[in-house]
Number of protein chains: 2
Amino acid sequence: MKYKDEIEEVYRFFTEVGIINQLISTKLETLLPDRMTATQFGILGHLVRRPDGETPLQLSKAFQIPKTSMTHMLAGLETKALITLEPNPSDKRSKIARSTSRGEQFLNESMQRMSKALQPVLDDLGHEPFANSLTHLTRIRETLDKERD
Amino acid sequence: MKYKDEIEEVYRFFTEVGIINQLISTKLETLLPDRMTATQFGILGHLVRRPDGETPLQLSKAFQIPKTSMTHMLAGLETKALITLEPNPSDKRSKIARSTSRGEQFLNESMQRMSKALQPVLDDLGHEPFANSLTHLTRIRETLDKERD
DNA sequence: CTCCATTAGTACGATATCGCACTATATAAT
DNA sequence: ATTATATAGTGCGATATCGTACTAATGGAG
């Protein structure tokens, strides 16, 4: 395969990723109350799966979001009482974000609605395209992450 | 495979897509002048490949972006003289957005820089993960798009 | 032709995003 | 211990995003 074609291919890959991201965020956000963001929802899910919580900086690294944006998002989640923000005992500069039980419940309910909304897509495609691409996506994400300055 | 696991899998798929999108947008945006957005860049690329141009509405559908956001983005691209916005001869309500030669040149230069920046990733992974997932991504995108209300 | 429902684009306002600069704490160097 | 450097989080200001409501133009029904 020609070098130029490879670049084209990678470019199309990123375009598809961008559009899928757009489609799914929009769909998700119509199912979420207020003006809750898909990213906020992702953060909540991340925290629910980690009962010990994480620091804002860890979260901003995990989601590749500027820490100044993370401050804002976490504040929003705290206002909705979906997470708590406590001082980090092992570092006075830092904090620990944890999901509340209300947060977990909210996540589960939303996931439920999202699954329902995606059912037609799953019926149509089956899970194979997701499973098959997931391996590659993970590899790509890891490499992009590692290679980042 | 259990139903619940399938949901988990789809959820992880979307999470990976979100993070890759974030990583690549951020990387691209550091290579772009001013505060030009990755999406703006995508739109420019779209227009460069379509010499007849497209209407704002076509663009907002193609990228799944609200048309009100599209107005804003196109205005920005026009200010930078990377595109033109002309009245649509076949519909007085409408407009046609076209890339300028300056726009095309700018795109090519930026693509060049982006390719260079991504070279380590390609060296590391090869193009296979991109090629292999691209087919699936396209199918998924098409289905999501079709199933959208 | 007239009426009316639909469509393309935008103005506006609310909120989100994020770069820069700053404070407080932590860590390393001497 | 003292000083210098790095790190965690935030305030602020500039800009981006997008929902609502609007105007102008279109196209279909009678």
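Below, chains carry the letters A, B, ... as their sequence lines are ordered, and counting in each starts from 1. What you see below is based on every heavy atom in this structure, not just the backbone, and it leaves out hydrogens, waters and symmetry mates. From a predicted model like this one, the values you see are computed outputs, not experimental measurements.
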Query raised in the report: When rounded to the nearest 0.5 angstrom, what distance separates CE in A:Met36 from CG in A:Leu44?
Result: 5.5 Å
Report task. Using a 4.5 Å cut-off on heavy atoms from C-beta on, say whether the side chain of A:Arg98 contacts that of A:Leu47. Result -> no
Query raised in the report: D:dT17 P sits how many Å from B:Phe63 CZ, rounded?
Result: 13 Å
Report task. Mind calculating the distance between CG (B:Leu57) and P (D:dT26) to the nearest angstrom? Result -> 15 Å
Query raised in the report: In terms of side-chain heavy atoms, does A:Gln112 have a donor or acceptor partner in A:Asn108 at a distance below 3.5 Å?
Result: no
**Report entry** A:Leu77 vs A:Leu85 side-chain heavy atoms within contact, under 4.5 Å
**Finding:** no
Report summary line: When B:Gln58 and A:Lys67 are each assigned the nearest nucleotide of DNA chain C, the 5'-most assignment goes to B:Gln58
Query raised in the report: Would you say a side-chain N or O of A:Ser94 is under 4.0 Å from OP1 or OP2 of D:dG9?
Result: yes
Requested in this report: In whole angstrom, give the distance that lies between atom CG of B:Leu85 and atom P of C:dA8.
Outcome: 16 Å
Query raised in the report: What string of B, S and - do you get for nucleotides 11-20 of chain C 5' to 3' if you count protein non-hydrogen atoms under 4.0 Å?
Result: BB---SBBBB
**Report entry** Min side-chain heavy-atom separation B:Ser110-B:Leu32 under 4.5 Å
**Finding:** yes
Requested in this report: Using distance alone, with no hydrogens and no angle criterion, decide if B:Ser99 and B:Glu104 have a side-chain donor and acceptor under 3.5 Å apart.
Outcome: no
Query raised in the report: Are B:Tyr11 and A:Met114 side-chain neighbours, meaning at least one heavy-atom pair lies under 4.5 Å?
Result: no
**Report entry** Validation row, ring centre A:Phe130 to ring centre B:His136 under 6.0 Å
**Finding:** no
N/O to N/O distances under 3.5 Å, protein versus nucleotides 25-28 of chain C:
| unit_1 | atom_1 | unit_2 | atom_2 | d |
| --- | --- | --- | --- | --- |
| C:dT25 | O2 | A:Arg93 | NH1 | 3.2 |
| C:dA26 | OP1 | A:Lys92 | N | 3.0 |

Query raised in the report: Does any donor-acceptor pair link the side chain of B:Lys95 with the base of C:dG9 at a separation under 3.5 Å?
Result: no
